[in-house]
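Heads up: numbering here begins at 1 and tracks the sequence.
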Amino acid sequence: MAVAPFFSGFARVLRAKIHSRKGPSIFQDYRDIFKLIKRQRVVPAQSSWIFCLTPYVMMATILLIAMMTPILTLQSPLRMVGDLIAIVYLFALGRFFFAAAGLDSGSGFAGIGASREMTLAALVEPTIILVLFVMGLLAGSTDIGVISQKVATGEISYYSPTVWLAMAAFSIAAFIEICGGIL
C-alpha cells in the first residue's frame with residue numbers, strides 16, 4: 001500500500017511526458033495523502049451513520065478481496081473464504097455502500113454520482129461475474145486458488161478462444177471500472 005502512490009505518480013509523470021508537459025512530481029500523491037490526512041472531517045448535517053461507515057466498509061472490503069486473491073502464491077491466503085462468490089458479493093457490498101453514502105449526503109450532485117455508479121455497476125459487474133464464472137467453469141471450481149493453479153500449470157490453456165474472449169471482456173470491464181471515476 002505504501003508503494004501504490006509512487007506508481008500512480010510515475011504513471012502521471014509518464015502521461016505528462018507523452019503530452020509534452022512538465023507534470024507533477026512523482027511524489028505528488030504522497031504529498032496529497034499527507035495533506036488530506038491533516039484535514040478535518042467533513043460530514044453533511046443531514047447524513048446518517050451510512051455516510052460515516054462507508055469509508056471503513058470500502059477499505060475493509062478492498063483489503064479482504066486483496067487478501068483472498070492469490071498474488072504472490074498459487075493459493076489464496078484466506079482459502080476458507082477465498083472463492084469467486086465471496087469476491088463478487090464483496091465488490092457488490094462496497095459499491096452498495098458507496099452509492100448509499102452518495103444518496104445519504106443529501107446533495108443533488110452526489111445523488112447523480114450515485115446514479116452513475118449504479119449504472120456502471122449494472123453494465124460492468126455482469127461482465128466481470130460472467131468472466132469469473134467462465135474461469136471457474138473451466139477449472140471446475142469456484143476456489144480462486146484452484147483456478148490460479150490450473151492456469152499456472154497449463155490445465156487451462158492460454159490458447160483457448162474461451163480464455164482469450166474472457167480476457168478481452170475482463171480487460172474492457174476493468175478499464176471501465178478503473179477509469180469510471182476519471183471519464
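- At a threshold of 4.5 Å between side-chain heavy atoms, the hydrophobic network of Ile, Leu, Val, Met, Phe, Trp and Tyr places F170 and M167 in one connected group.
- The 12-atom threshold is not exceeded at CE of M59, counting heavy atoms of other residues, nucleotides or ligands nearer than 6.0 Å.
- Between the CZ atom of R12 and the CZ atom of R21 there is a distance of 10.0 Å, given to the nearest 0.5 Å.
- F6 places a side-chain heavy atom less than 4.5 Å from the side chain of I26.
- Within the model, atoms CG of D143 and NZ of K150 stand 10.5 Å from one another, a figure rounded to the nearest 0.5 Å.
- Residues L103 and F51 are not in side-chain contact: their nearest non-hydrogen atoms beyond the backbone lie 4.5 Å or more apart.
- For T153 (side chain) and Q149 (main-chain N/O), a donor-acceptor pair under 3.5 Å exists by modelled atom type.
- The structure places CG of L137 at 11.0 Å from CG of L84, a figure rounded to the nearest 0.5 Å.
- The shortest non-hydrogen separation linking V146 to S141 is CG1-CB, 3.8 Å.
- Looking at I87 and I144, their side chains come closer than 4.5 Å, going by heavy atoms from C-beta outward.
- Nearest heavy atoms, K17 versus K22: NZ-O, 4.2 Å.
- With a 4.5 Å cut-off on side-chain heavy atoms, V151 and M135 count as touching.
- Put simply, L138 and Y158 are part of the same group of oily side chains (I, L, V, M, F, W, Y) that touch within less than 4.5 Å, one to the next.
- Two different hydrophobic clusters hold M118 and L123 under the rule that ILVMFWY side chains link at heavy-atom gaps under 4.5 Å.
- Heavy-atom minimum distance, F97 versus T54: O-OG1, 3.3 Å.
- Residues meeting the side-chain contact (heavy atoms from CB on, under 4.5 Å) test with A169, sequence neighbours left out: T127, V131.
- Within the 4.5 Å cutoff, no side-chain heavy atoms of L93 are placed close to those of Y89.
- The shortest heavy-atom contact between A121 and P126 is O-CD, 3.4 Å.
- Residue P5 comes nearest to D29 through the heavy atom pair O-OD2, 3.3 Å, listed as atom of the first residue, atom of the second, then distance.
- More than 12 heavy atoms of other shown residues, nucleotides or ligands fall within 6.0 angstrom of atom CZ in F133.
- Hydrophobic cluster membership of F98, counting Ile, Leu, Val, Met, Phe, Trp and Tyr whose side-chain heavy atoms lie under 4.5 Å apart directly or via other members: M58.
- Residues I65 and I85 are members of one and the same hydrophobic cluster, defined by side-chain heavy-atom contacts under 4.5 angstrom among Ile, Leu, Val, Met, Phe, Trp and Tyr.
- Without hydrogens or angle criteria, T119 side chain to S115 main chain gives a donor-acceptor distance under 3.5 Å.
- Linking ILVMFWY side-chain heavy atoms closer than 4.5 Å, directly or via other members, places V88 and I172 in a single hydrophobic cluster.
- Between Y30 and F27, the ring planes lie tilted relative to each other; the angle falls in the 30° to 60° range.
- Contact between I147 and A139 at its shortest, heavy atoms only, is CG1-CB, 3.6 Å.
- Going from atom CD1 of I18 over to atom CG of L14 covers 4.5 Å, rounded to the nearest 0.5 Å.
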